[in-house]
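Below is one structure, written out as C-alpha cells; comments come after it.
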Protein chains: 2
Amino acid sequence: MKLKMDVALDTKECWNCPIKHQAVCARCEPDELERLEEIKYYRSYEAGQPVIWAGDHMEFVASVVTGIASLSQTMEDGRTQMVGLLLPSDFIGRPGRDSAPFDVVAVSDLTICCFRKKPFEDLMTTTPHIGARLLEMTLDELDSAREWMLVLGRKTAREKIASLLAIIARRDAALRRNTPKDGMHFDLPLTREAMADYLGLTLETVSRQISALKKAGIIKLDGKRKVVVPSLDLLINETGDDIDGGPIV
Amino acid sequence: MKLKMDVALDTKECWNCPIKHQAVCARCEPDELERLEEIKYYRSYEAGQPVIWAGDHMEFVASVVTGIASLSQTMEDGRTQMVGLLLPSDFIGRPGRDSAPFDVVAVSDLTICCFRKKPFEDLMTTTPHIGARLLEMTLDELDSAREWMLVLGRKTAREKIASLLAIIARRDAALRRNTPKDGMHFDLPLTREAMADYLGLTLETVSRQISALKKAGIIKLDGKRKVVVPSLDLLINETGDDIDGGPIV
DNA sequence: GCGCGACTTTGATCAGGATCAAACCCGGTT
DNA sequence: AACCGGGTTTGATCCTGATCAAAGTCGCGC
C-alpha cells in the first residue's frame with residue numbers, strides 16, 4: 001500500500017483553517033504551538049486507501065484536515081460495522097496505547113496532520129491544555145458513540161437512513177458555518193455500501209429506503225450523490241428523535 | 001424519589017478496596033488523595049431507583065463502589081436502548097458539562113462515591129494525574145462503546161446473548177481476581193428485559209435464545225439468575241468473535 | 001461510439017425477530 | 001393455603017429487512 005505522504009501544506013492552515021481545525025490546541029500559548037509545530041507532519045491518502053489496520057503499531061496521533069475517513073471493525077466471516085466517521089477536526093489515535101483498536105480507511109481523498117506519538121505524549125505531560133482538550137473531545141465522542149447505539153439497536157431502516165442524512169446535513173452545515181436551514185444541499189460522501197456498514201443494514205435496504213424518502217418528498221436526489229433537503233424539520237421528523245437537535249457525530 | 005444517602009463506609013475502602021477501586025486516583029500522592037477525601041461523599045440506591053435523568057443538572061461526578069447501574073436512552077414512543085453498564089470502578093459524569101447526557105438507573109442495589117463537581121474540576125487543573133487517568137478511562141470506554149456497536153449492528157440474536165454472557169463472565173472473574181476458567185458460575189445481574197434493552201432485542205427473543213444455549217449445553221441455569229459456564233471457550237465460540245479475548249466492557 | 005467496471009436500483013422470495021397471547025414459576029403477603 | 005404480582009417461558013403468526021438475482025446508470029478509457 002503505497003502512500004502519498006509529507007505533502008506540503010501551508011503550516012499555518014493547520015491551526016487557523018476555515019474548518020475550526022484547532023482540534024488539539026484550542027487554548028495553547030504561542031510557545032506551546034511552536035513545540036507542536038516541531039513534531040507535526042502531513043500525510044495524504046486517496047479514497048479507499050487504508051490509513052492503518054486494527055492491531056497495527058501506531059507511531060503517531062493525528063487530526064483530520066480535509067476529507068473523510070472511517071473507523072471500522074470486521075468479523076472473520078466478513079460482516080463489517082463502521083464505528084465512526086472521521087470528519088475534518090476529528091482526532092485519530094490514542095496517547096498511551098501503541099496499537100490501533102480499529103481499521104482506519106480513507107473514504108474520500110484525505111489529508112491528516114500527524115504528530116509523532118512519543119514527543120506528543122511528552123508534550124501532554126507538560127502542557128495541561130492539551131490533555132484537557134483531548135479529554136473534552138473524547139468525552140464528546142463517547143456521547144456520540146452512545147447516541148449511535150440507539151440508532152443501531154432500536155431504530156427502523158427508514159429512521160436509520162434519516163438519522164444519517166440529518167447528521168451529515170448538520171455537520172456539513174457546521175463546516176460551512178451555515179446555520180442549518182431549509183433548502184440545504186450537500187454531497188453524500190459515502191457509497192450505499194458504506195452507509196449500510198455504518199447503519200447495520202444491507203446496501204439494498206439502504207437503496208430502497210433512500211428511494212422511499214425520495215418518493216415521500218423528504219429528500220431530492222441530484223444524480224446519485226447530491227442530496228437536497230427541502231425541509232430539515234421534515235427530515236428530522238423521520239429520524240424518530242425529538243426535535244431539539246440531537247448529537248453532531 | 002427518596003434516596004438513602006451519605007451512607008457511612010470505611011473511607012479507606014474507597015481507595016484500597018478489593019475491587020481495584022482506584023479509578024480516579026491510581027497514581028496520586030498522599031497529599032493529593034487527602035484533597036480528594038475532602039470533597040467526596042457516598043450515596044446508595046436501591047435496585048430500580050434512578051440516580052439521574054438525562055438533562056438533569058449534575059452537581060457531582062462519581063465512581064461506582066458496589067452494585068451495578070445502567071446508562072440508557074429512551075425514545076418518545078418508549079423504545080429504550082441501554083448504552084452502558086456501570087460496574088464497580090466505573091466512572092459516572094463528565095467534568096466540564098453540567099447536565100447528564102443519559103439516564104443512570106441502579107440495576108441492583110448500588111453505592112457510589114461522589115465528588116462535588118466544582119472542587120473536583122479545580123483539583124483536576126492542579127493535579128495532572130487525575131486528568132490523565134480520566135483520559136485513559138474515557139478512551140477505554142470509547143473503545144468498548146465502539147466494540148458494542150458491532151454487537152448491535154451486525155450480530156445475530158444468539159451471538160448477542162453469547163457476547164453479553166461472555167462479557168459478564170469475564171468482568172465477574174476480573175472482579176474476583178480469578179482468571180476466567182472452565183466451570184465458572186456467576187449471578188445474572190439483569191432481568192430479561194434489561195438484557196433485551198442492552199442488546200437491542202425483545203425480552204421474548206432473549207428468553208428464547210437463552211433456552212437455546214441451555215439446550216445446546218453451552219450454559220446451564222441454576223434457577224433463573226445463576227449461570228454456569230462449563231467451558232468459556234465454547235461460549236466465546238458462539239459470540240462470532242475471534243478467540244483472543246476481546247473487550248472487557 | 002463502444003465496452004467495461006463500479007455503483008445503484010428494483011424485483012421476488014426467505015427468514016430472523018417482533019408481536020400478540022397465554023401459561024408458568026416462585027417468592028412474598030394476607 | 002390461597003392469592004398476588006413480577007418476572008419468565010413458550011406458542012402462533014406477522015412483518016421488516018436479508019438474500020438472491022437481474023437489470024439499469026454513469027463515468028471513463030480506448
Side-chain angles (χ1 to χ4, degrees), chain A residues 46-49 75 77-81 105 107-109 151-165 187-216 219-227 238 240, chain B residues 46-49 70 75 77-81 105 107-108 151-165 187-216 219-227 238 240:
Chain A
E46 287 169 17
Q49 283 186 324
M75 296 169 69
D77 62 8
R79 284 176 280 175
T80 91
Q81 176 66 49
V105 178
V107 168
S108 64
D109 288 350
V151 175
L152 290 175
R154 291 302 185 192
K155 291 198 178 181
T156 64
R158 176 190 264 241
E159 289 169 339
K160 285 179 175 184
I161 297 287
S163 299
L164 178 59
L165 292 178
D187 279 354
L188 251 192
L190 304 173
T191 65
R192 300 291 183 259
E193 188 177 20
M195 294 172 74
D197 284 343
Y198 199 24
L199 296 166
L201 297 171
T202 59
L203 66 92
E204 294 94 329
T205 299
V206 169
S207 178
R208 273 185 249 271
Q209 294 299 334
I210 287 182
S211 299
L213 287 178
K214 192 173 61 176
K215 201 164 298 172
I219 59 172
K220 298 188 199 320
L221 292 187
D222 174 13
K224 304 286 183 197
R225 293 297 195 88
K226 285 193 198 310
V227 180
E238 296 291 329
Chain B
E46 286 169 16
Q49 282 186 323
S70 71
M75 297 169 68
D77 62 7
R79 283 178 279 176
T80 91
Q81 175 66 49
V105 179
V107 168
S108 64
V151 175
L152 290 175
R154 292 301 185 191
K155 290 198 178 180
T156 65
R158 175 189 266 240
E159 289 170 339
K160 286 179 175 183
I161 297 287
S163 299
L164 179 58
L165 292 178
D187 279 355
L188 251 194
L190 304 173
T191 65
R192 300 292 183 259
E193 187 177 22
M195 294 173 74
D197 284 344
Y198 199 27
L199 296 166
L201 297 171
T202 59
L203 64 92
E204 293 95 329
T205 299
V206 170
S207 178
R208 272 185 249 271
Q209 295 298 335
I210 288 181
S211 299
L213 287 177
K214 191 173 61 174
K215 202 164 297 173
I219 60 172
K220 297 189 201 319
L221 292 186
D222 174 12
K224 304 286 184 196
R225 294 297 196 87
K226 284 191 196 316
V227 179
E238 296 291 329

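Lettering follows sequence order; numbering is per chain, from 1. Remember, it's a predicted structure, so these values are computed and weren't measured experimentally.
Judged by distance alone, with hydrogens and angles left aside, the side-chain atoms of A:Arg154 form no donor-acceptor pair with the main-chain N or O of B:Arg79 at under 3.5 Å. In this structure a side-chain-to-backbone donor-acceptor pair under 3.5 Å is missing from A:Gln49 to A:Val105. Judged purely by atom type and a 3.5 angstrom limit, B:Glu159 has no side-chain atom pairing as donor or acceptor with the backbone of B:Glu238.
Toward the 5′ end of DNA chain D lies the nearest nucleotide of B:Lys215, the other residue of the pair B:Lys215 and A:Gly200 mapping further downstream. Closest-nucleotide positions on DNA chain D for B:Val206 and A:Leu201 were compared, and the one nearer the 5' end corresponds to B:Val206.
Protein atom NZ of B:Lys160 is 7 Å distant from nucleotide atom P of C:dA18, rounded to whole Å. Going from atom CZ of B:Arg154 over to atom P of C:dG17 covers 13 Å, rounded to whole Å. With rounding to whole Å, A:Lys224 atom NZ is found 13 Å from C:dC7 atom P. Between the CG atom of B:Leu203 and the P atom of D:dG6 there is a distance of 14 Å, rounded to whole Å. Between the NZ atom of A:Lys226 and the P atom of D:dC26 there is a distance of 14 Å, rounded to whole Å. Protein atom CG of B:Leu213 is 15 Å distant from nucleotide atom C1' of D:dT9, rounded to whole Å. Following rounding to the nearest Å, A:Leu188 (CG) and C:dT8 (C1') show an atom-to-atom distance of 13 Å. Distance, A:Arg192 CZ to D:dA18 P: 16 Å, rounded to whole Å.
The B:Glu204 side chain lies nearest to C:dA21 when the options are C:dA21, C:dA18, D:dG7.
The side chain of A:Ser211 contributes an N or O atom lying less than 4.0 Å from OP1 or OP2 of C:dT10.
Counting non-hydrogen atoms under 4.0 angstrom, B:Ser207 reaches a base of the nucleic acid. Using a 4.0 Å heavy-atom criterion, one finds that B:Thr202 contacts the bases of the nucleic acid, with or without backbone contacts as well. A:Arg158 comes within 4.0 angstrom of nothing in the nucleic acid, heavy atoms only. Counting any heavy atom pair closer than 4.0 Å across all strands shown, A:Arg79 reaches no nucleic acid atom. Within 4.0 Å of B:Gly48, counting heavy atoms only, lies no atom of the nucleic acid at all. Within the nucleic acid shown, A:Ile210 has no heavy atom closer than 4.0 Å to any nucleic acid atom.
Checked by distance alone, B:Arg208 brings a side-chain donor or acceptor within 3.5 Å of a matching partner on the base of D:dG11.
In summary, of the residues considered (B:Thr156, B:Val206, B:Ile219, B:Thr205), a side-chain contact (heavy atoms from CB on, under 4.5 Å) with B:Ile161 occurs for B:Val206 alone. With A:Glu193 as reference, A:Leu203 is the one residue of A:Thr202, A:Thr80, A:Leu203 to meet the side-chain contact (heavy atoms from CB on, under 4.5 Å) rule.
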